[in-house]
Amino acid sequence: MSHPSAIEAGHHTDYTGAKIGMWLFLFTELLLFGGLFLLYAVFRSKNADAFHEAAAHLDIMLGTFNTLILLTSSLTVVLSLEAARAGNRRRALILLTATIAMGFFFLVNKFFEWGAKIDHGIYPGSPDLLSMEKGEALFYSLYYAMTGLHGLHVVAGMAILAWMIRPLLRSSQTGPQAYVGLENGALYWHFVDIIWIFLFPLFYLIS
Amino acid sequence: MNHATESHPTRTGTFILVWCALLALTGITVAVADLHFGYASVLIALIIASFKAALVLDYFMHLKYEERLFKIMLLVAFATLAVVIGLTFLDTAFR
């Protein structure tokens with residue numbers, strides 16, 4: 001198969017191969033989070049009332065706000081890729097920077113949210129947590145483990161997207177297969193968004 | 001595979017529509033959680049979340065316009081996860 005844009009760029013690239021690689025990686029990530037979702041499902045089925053009780057203490061406003069931030073950042077990254085491929089690198093850079101900034105705001109909110117919980121003596125291994133009913137302790141442990149792992153993924157996503165600023169500054173490519181690195185970075189970012197789409201109702205909305 | 005790459009007009013309008021739908025679904029899922037459907041509320045929340053995930057996968061992640069191979073790969077990944085979850089519940093539910 002021939003890729004006109006790759007030939008114009010003067011080097012060989014396997015566009016489809018690059019994307020398959022990214023998707024395969026995302027499947028390993030899916031199974032990583034899948035294990036935690038499975039843990040959540042089993043413990044919740046055994047401690048349904050305690051999970052509902054504990055979830056009532058999470059800040060729905062903050063959770064909703066963070067959901068809106070991540071959904072909007074998914075829009076900006078996909079528009080950034082579109083702008084880059086249309087040859088509008090300035091617009092692409094602005095949108096990409098906005099995406100990374102929204103990831104940062106998400107983490108700032110998480111910081112305040114976790115901070116408030118820790119101030120109330122609820123953190124992994126705390127005396128308050130250990131004295132709680134088993135189901136509630138499990139809920140908060142899973143809350144920290146799952147939103148924590150998700151937070152790490154947000155940090156990684158920000159780093160990957162920041163790295164993709166470089167090719168945007170360096171060279172102008174256009175066409176549907178240009179900037180496959182940015183496309184793969186965006187795929188990762190959307191994946192992180194999807195994980196949050198499930199974390200949000202399971203932790204904030206079941207009370 | 002080239003048919004997928006040819007039809008590549010600017011999709012800005014589509015992306016913004018998808019984003020609006022995602023925000024609306026978020027509003028709905030928060031509003032429904034207030035209605036206290038009891039344990040069914042989790043099921044409703046998960047169904048809405050699945051709709052949102054499908055929108056992100058199909059449009060933002062471009063899966064709708066991708067070759068069939070990508071869709072089969074995703075199906076295998078989901079099926080694997082479903083089998084793992086199913087087998088675990090077969091164990092824990094009847095213990």
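To find a chain, count down the sequence lines: A is the first, B the second, and so on, and within it residues start at 1. Atoms considered below: every heavy atom in the structure, side chains included; atoms not considered: hydrogens, waters and symmetry mates.
Listed by first then second residue, pairs satisfying ring pair (Phe, Tyr, Trp, His ring centres under 6.0 Å) with a partner in residues 52-97 of chain A read A:His52-B:Tyr39, not counting sequence neighbours.
Using a 4.5 Å heavy-atom cutoff, the side chains of A:Lys46 and B:Thr92 are in contact. Within the 4.5 Å cutoff, no side-chain heavy atoms of B:Thr80 are placed close to those of A:Phe27. Contact annotation: the side chain of B:Val42 approaches that of A:Arg44 to within less than 4.5 Å [non-hydrogen atoms, C-beta and beyond].
Chain A is approached within less than 4.5 Å, heavy atom to heavy atom, by B:Trp19, B:Leu22, B:Leu23, B:Thr26, B:Thr29 from residues 19-29 of chain B, ordered by number.
For B:Thr88, the part lying under 4.5 angstrom from a heavy atom of chain A is the side chain only. Contacts between B:Leu46 and chain A at a heavy-atom distance below 4.5 Å involve backbone atoms as well as side-chain atoms. Looking at A:Thr67, only its side chain comes within 4.5 Å of chain B, counting heavy atoms on both sides. Looking at A:Ser45, the atoms closer than 4.5 Å to chain B (heavy atoms on both sides) all sit in the side chain, from C-beta outward. With a 4.5 Å cut-off on non-hydrogen atoms, A:Tyr204 does not touch chain B at all. Using a 4.5 Å cut-off between heavy atoms, A:Ala41 touches chain B through backbone and side chain atoms alike. For A:Leu81, no part lies near chain B; criterion is any non-hydrogen pair under 4.5 Å. Contact of A:Leu26 with chain B is made through the side chain alone, with heavy-atom distances under 4.5 Å. If you measure heavy-atom distances from A:Asp49 to chain B, the contacts under 4.5 Å come from both the backbone and the side chain.
Here A:Leu95 pairs with A:Thr76, A:Leu79, A:Ser80, A:Arg91 under the side chain to side chain contact (heavy atoms under 4.5 Å, CB included) rule; sequence neighbours left out. Under the side-chain hydrogen bond (donor to acceptor under 3.5 Å, both in side chains) criterion, B:Asp91 pairs with B:Arg95, not counting sequence neighbours.
Exactly one of B:Phe15, B:Tyr59, B:Phe60 qualifies for a ring-ring contact (aromatic ring centres under 6.0 Å, His included) with A:His190. That residue is B:Phe60.
The candidate with the highest count of non-hydrogen atom pairs below 4.5 Å against chain A, out of B:Leu57, B:Val32, B:Leu74, is B:Leu74. Chosen from B:Leu69, B:Val76, B:Val56, the residue pairing most often with chain A at heavy-atom distances under 4.5 Å is B:Val56. For the options B:Ser50, B:Ala49, B:Ala33, heavy-atom pairs under 4.5 Å to chain A are most numerous at B:Ala49. In terms of non-hydrogen atom pairs under 4.5 Å with chain A, the most contact-rich of B:Ser41, B:Ala93, B:Ala77 is B:Ala77.
Within a 6.0 Å sphere centred on CZ of A:Phe37, heavy atoms belonging to other residues, nucleotides or ligands number more than 12. For B:Phe89, the CZ atom is densely surrounded, since the number of other residues' heavy atoms within 6.0 Å is greater than 12. Within a 6.0 Å sphere centred on NZ of A:Lys134, other residues, nucleotides and ligands contribute 12 heavy atoms or fewer.
Between B:Met73 and A:Trp23, the shortest heavy-atom contact is CE-CB, 3.9 Å. In terms of heavy-atom proximity, B:Thr12 sits nearest to A:Glu82 at OG1-OE1, 2.5 Å. Pairing each heavy atom of A:Gly34 with each of B:Leu81, the nearest pair is CA-CD1, 3.6 Å.
Taking CD from A:Glu183 and CE from B:Met61, the interatomic distance works out to 10.0 Å, rounded to the nearest 0.5 Å. In this structure, CD1 on A:Ile194 lies 11.0 Å from NZ on B:Lys52, to the nearest 0.5 angstrom. Within the model, atoms CG of A:Leu205 and CD1 of B:Ile44 stand 11.5 Å from one another, a figure rounded to the nearest 0.5 Å.
Judged by distance alone, the side chain of A:Lys19 and the main-chain N or O of B:Glu66 form no donor-acceptor pair under 3.5 Å.
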